[in-house]
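The model shown is predicted, which means the values in this text are computed figures rather than measured ones. In the text below, chain A, chain B and the rest are named by the order of the sequence lines, each starting its count at 1.
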Number of protein chains: 2
Amino acid sequence: MSTSIDPSSTRSLPWTVWPTAPSSDACLDLEALQQHLAVTRRKHKAGQHLFHAGQPFRALHLIHSGSFKTSGLTDDGRERVTAFKMRGELIGVDSIGLGSYACDAVALEDSESWELPYPAVMKAAAHVTGLQEQIHAALAAEIRCDRSWMLLLSTLAAEPRVAAFLIDMAARQARMGYSAKHFILRMSRLDIASFLAIKHETVSRALSHLADRHFISVQRREVRVLDAEGLREMAVAA
Amino acid sequence: MSTSIDPSSTRSLPWTVWPTAPSSDACLDLEALQQHLAVTRRKHKAGQHLFHAGQPFRALHLIHSGSFKTSGLTDDGRERVTAFKMRGELIGVDSIGLGSYACDAVALEDSESWELPYPAVMKAAAHVTGLQEQIHAALAAEIRCDRSWMLLLSTLAAEPRVAAFLIDMAARQARMGYSAKHFILRMSRLDIASFLAIKHETVSRALSHLADRHFISVQRREVRVLDAEGLREMAVAA
DNA sequence: CGAAAGATTGAGGTGTATCAAGATCAGTGG
DNA sequence: CCACTGATCTTGATACACCTCAATCTTTCG
């Protein structure tokens with residue numbers, strides 16, 4: 001299990017909390033934060049809910065290991081994946097200011113999260129200089145990330161979307177210290193399709209086609225990036 | 001000009017700053033805010049830029065009258081409208097934490113904005129109780145709004161998108177105290193198309209079709225809502 | 001008034017959805 | 001251990017919604 005982290009390493013925290021946004025450098029200073037609030041660790045089995053939409057909002061959740069998807073419900077009741085979150089990223093920020101969570105959060109694999117009680121975070125922000133700005137920056141980064149995906153989804157055809165998705169996954173993989181050339185997709189084709197706003201058959205076809213062109217190789221959820229440059233070109237062009 | 005506000009009314013401020021999000025109730029307490037920072041008023045002609053992407057970020061902008069569009073640039077250089085903002089809404093929050101603005105903002109009609117210098121806002125937030133939470137809530141609301149549109153854009157076909165767009169416009173119109181049944185679209189079909197991620201011809205056709213069904217009547221940019229319930233049904237179904 | 005921009009409508013092509021059938025894998029229990 | 005079941009993934013054939021290209025008409029503004 002190359003993705004699981006030794007729990008003993010959680011004592012010392014030279015960590016930064018990254019926003020999901022691609023190409024963003026804003027991050028929370030966890031070291032400063034942890035001196036001012038008590039975090040609760042929680043373990044989750046694959047498929048288990050971190051929280052449900054509608055549950056009372058009390059805390060932000062920092063992913064310590066593993067990965068999650070967040071999903072909303074359309075008016076007619078279908079599920080729609082709004083984001084994938086991995087180690088070092090925050091879940092729940094979009095629920096700030098609401099009484100309850102605005103989305104569902106589900107573990108894609110066995111994972112561990114840290115609960116950051118929101119009132120405590122706010123109190124800490126008042127004391128720790130710079131934390132306020134960092135929180136604002138993290139929220140703004142989340143907005144930019146969403147905008148960035150809206151841009152992609154509205155501009156690009158199905159295949160480039162999949163290419164862009166792979167590039168994003170690779171980049172985040174690299175940020176966590178893993179290989180950007182070889183990684184495992186933790187989510188199903190259906191989840192990817194839902195996130196990219198296409199059908200899962202189309203995702204399959206796109207992946208197959210990208211493999212045919214030797215940009216990548218795919219075997220089920222295992223992805224190898226053979227030609228990163230080619231992928232990037234694919235993701236901007238039509 | 002039913003949308004322009006008498007400038008003399010700007011002295012007293014029983015105002016709230018609304019997030020763009022549909023069905024959200026978070027807002028800034030402007031009265032408290034204005035006691036702690038100096039706002040600069042700016043007037044803008046239709047088509048004029050409030051700011052360009054890349055310009056140094058110094059302030060948030062509160063729309064006092066008129067309306068704006070914000071737009072980003074895709075990798076291949078095409079413009080994409082990311083949001084429409086009207087009276088009482090904030091522009092520029094997505095640029096917090098960056099050195100420069102992340103998007104362009106253009107006036108859709110003759111408008112007036114108030115500049116809220118960001119450092120001053122942050123200082124005020126430290127003094128005014130509750131302001132901190134309000135700012136967070138406003139940012140989070142922006143995220144939810146984007147998510148909500150992502151959901152719509154990815155789920156709905158062209159015509160329901162246009163219906164949803166009209167419903168949103170009507171709701172915001174109502175919030176400003178104007179009629180939700182009769183309003184003027186301040187943006188071109190091209191802008192609407194760009195925002196909804198469809199072609200402008202498709203927007204035209206959708207509007208015509210909605211009019212054929214007597215849900216609305218359209219003449220150029222003037223819209224009358226004849227059957228709000230029907231529109232709503234249209235916007236959730238396929 | 002004339003030119004340019006915006007809006008509407010039509011005809012035909014393309015990409016993705018839809019429907020359907022197999023293939024592969026994970027988990028379960030006999 | 002293997003058969004069995006359901007979930008996930010892949011691939012194919014067809015249909016349809018939207019895009020593309022194009023013409024016409026209206027409005028706006030110099």
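When the salt bridge (charged side-chain N to carboxylate O under 4.0 Å, His left out) test is applied to R205(B), no partner is found at least two apart in sequence or on another chain. With sequence neighbours excluded, the residues forming a salt bridge (charged side-chain N to carboxylate O under 4.0 Å, His left out) with R224(A) are E222(A), listed by chain and number.
Using a cutoff of 4.0 Å between basic side-chain nitrogens and carboxylate oxygens, E89(B) and R175(B) are scored as salt-bridged.
The shortest distance between side-chain heavy atoms of M187(A) and R221(A) does not fall below 4.5 Å.
No engagement by R161(B) is indicated, since no non-hydrogen atom pair under 4.0 Å with the nucleic acid exists.
Applying side-chain contact (heavy atoms from CB on, under 4.5 Å) to E159(B) and the options T202(B), L210(B), L207(B) leaves one that passes, L210(B). Of the options E109(B), R172(B), R186(B), a side-chain hydrogen bond (donor to acceptor under 3.5 Å, both in side chains) to S67(B) is made by E109(B) and by none of the others. Residue V162(B) forms a side-chain contact (heavy atoms from CB on, under 4.5 Å) with just one option from I192(B), I216(B), L196(B), and that option is L196(B).
In this structure, CD1 of I192(A) is placed 8 Å from P of dC9(D), rounded to the nearest angstrom. Atom CG in D212(A) sits about 10 Å away from atom P in dG12(D), given to the nearest Å.
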Contact letters for nucleotides 19-30 of chain D, in which S counts primed atoms plus P, OP1 and OP2 and B counts the base, heavy atoms under 4.0 Å: SBB----BS---

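Along DNA chain C, the stretch of nucleotides lying under 4.0 Å from any heavy atom of chain A spans, 5' to 3', dT16(C) to dC25(C).
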Criterion side-chain contact (heavy atoms from CB on, under 4.5 Å) on V203(A) and I198(A), from CA distance to verdict: CA-CA 7 Å; V203(A) 174; I198(A) 49 185; 3.8 Å; yes

Trace of the side-chain hydrogen bond (donor to acceptor under 3.5 Å, both in side chains) decision for S113(B) with H64(B): CA-CA 5 Å; S113(B) 70; H64(B) 179 261; over 6 Å; no

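In the helix from dC1(C)-dG30(D) to dA21(C)-dT10(D), the terminal helix axes, each the rotation mapping four pairs' C1' atoms onto the next four within five end pairs, subtend 40°, rounded to 10°.
Applying the salt bridge (Lys or Arg N to Asp or Glu O under 4.0 Å) definition to pairs two or more places apart or across chains, those involving residues 187-197 of chain A are K69(A)-D191(A).
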